[in-house]
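Report on the structure given below.
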Amino acid sequence: MNRRAFGISSRRILALLGATLLLACGGNTRSSPFGSGRAAPADPAQVVVENRYWSDMTIYVDRAGSRSRLGTVSTNQTRTFDLSPVVAPPGASVAFVADPVGSADTYSSPRTPVVPGDRYRWTLAVELAHSTLVRR
């Protein structure tokens, strides 16, 4: 019997083999329970900023004296920011900085180590000195 009897052309066979090869070698980024494959990238750390202060706040990450802007949180709003490994590498010690819009004052959180997958909750109080930072 020849291939034509089954309606399968050489191109279809090659396409099927190529697709099988791609699936066998392709982009599975999760590791299996047996340890084969590449390790899954960890979720980035996040900071949730709750702004109870009377002014909108521009939020920064301070790492070794270098600041990176995360964004703005309006008064009485809560916003979540991802901490990319470029801005806050795993293991680095960072502080979060709140800069009230239209003011020369700033407020910094205590320094904390960055752990991938962790979530930090920074509550900016009406009296900034009473603000809290919790790591989960």
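- One N or O on the side chain of Ser55 and one on the backbone of Val101 form a donor-acceptor pair closer than 3.5 Å.
- Between the side chains of Thr106 and Asp99, not a single donor N or O lies within less than 3.5 Å of an accepting N or O.
- Side-chain contact between Tyr60 and Leu70 is absent, with no heavy atoms from C-beta onward closer than 4.5 Å.
- Two residues are said to be in side-chain contact when any heavy atoms from C-beta on lie closer than 4.5 Å; Arg119 and Thr80 meet this criterion.
- The shortest non-hydrogen separation linking Val87 to Ser68 is CG1-CB, 3.7 Å.
- Under 3.5 Å, the side chains of Asn51 and Gln77 contain no donor-acceptor pair of N or O atoms.
- Connection of Leu124 to Val97 is not established within any shared hydrophobic cluster, with ILVMFWY side chains joined at heavy-atom distances below 4.5 Å, either directly or through further cluster members.
- Between the side chains of Arg111 and Ser108, no donor-acceptor pair of N or O atoms lies under 3.5 Å.
- A donor-acceptor pair is defined here as one N or O able to donate and one able to accept, closer than 3.5 Å; no such pair exists between the side chain of Thr72 and the backbone of Thr58.
- Using a 4.5 Å heavy-atom threshold, the side chains of Arg79 and Ser74 count as separate.
- Residues Pro44 and Asp82 form a side-chain contact, since some pair of their non-hydrogen atoms from C-beta on lies under 4.5 Å apart.
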Any chance you could lay out the side-chain contact (heavy atoms from CB on, under 4.5 Å) test for Tyr120 and Leu83, step after step, and finish with the verdict? CA-CA 10 Å; Tyr120 305 86; Leu83 300 175; 4.3 Å; yes
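- Using a 4.5 Å heavy-atom cutoff, the side chains of Asp62 and Arg67 are in contact.
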Audit row: Val126, Trp54, side-chain contact (heavy atoms from CB on, under 4.5 Å) steps and yes/no: CA-CA 7 Å; Val126 174; Trp54 59 269; 5.6 Å; no
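- In this structure, the side chains of Pro116 and Pro90 come closer than 4.5 Å at one or more pairs of heavy atoms.
- Thr112 has its side chain within reach of Phe96: a pair of non-hydrogen atoms, C-beta onward, lies under 4.5 Å apart.
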In sequence, state the C-alpha distance, the side-chain angles, and the governing distance for Arg52 and Thr123, and then conclude on side-chain contact (heavy atoms from CB on, under 4.5 Å). CA-CA 7 Å; Arg52 296 181 183 171; Thr123 303; 3.8 Å; yes
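- Side chains of Val73 and Ile59 form a contact here, defined as non-hydrogen atoms less than 4.5 Å apart.
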If you look only at distance, which donor and acceptor atoms sit under 3.5 Å apart when one is on a side chain in residues 127-136 and the other is two or more places apart or in another chain?
residue: Ser131; atom: OG; partner: Ala125; partner atom: N; Å: 3.0
residue: Ser131; atom: OG; partner: Leu128; partner atom: O; Å: 2.8
residue: Arg135; atom: NE; partner: Asp118; partner atom: OD2; Å: 2.9

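- The two residues Ala98 and Met57 come nearest to each other via the heavy atoms CB-SD, 3.8 Å.
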Give the C-alpha distance, both sets of side-chain angles, the deciding distance and a yes or no for side-chain contact (heavy atoms from CB on, under 4.5 Å) between Val48 and Trp122. CA-CA 6 Å; Val48 178; Trp122 194 26; over 6 Å; no
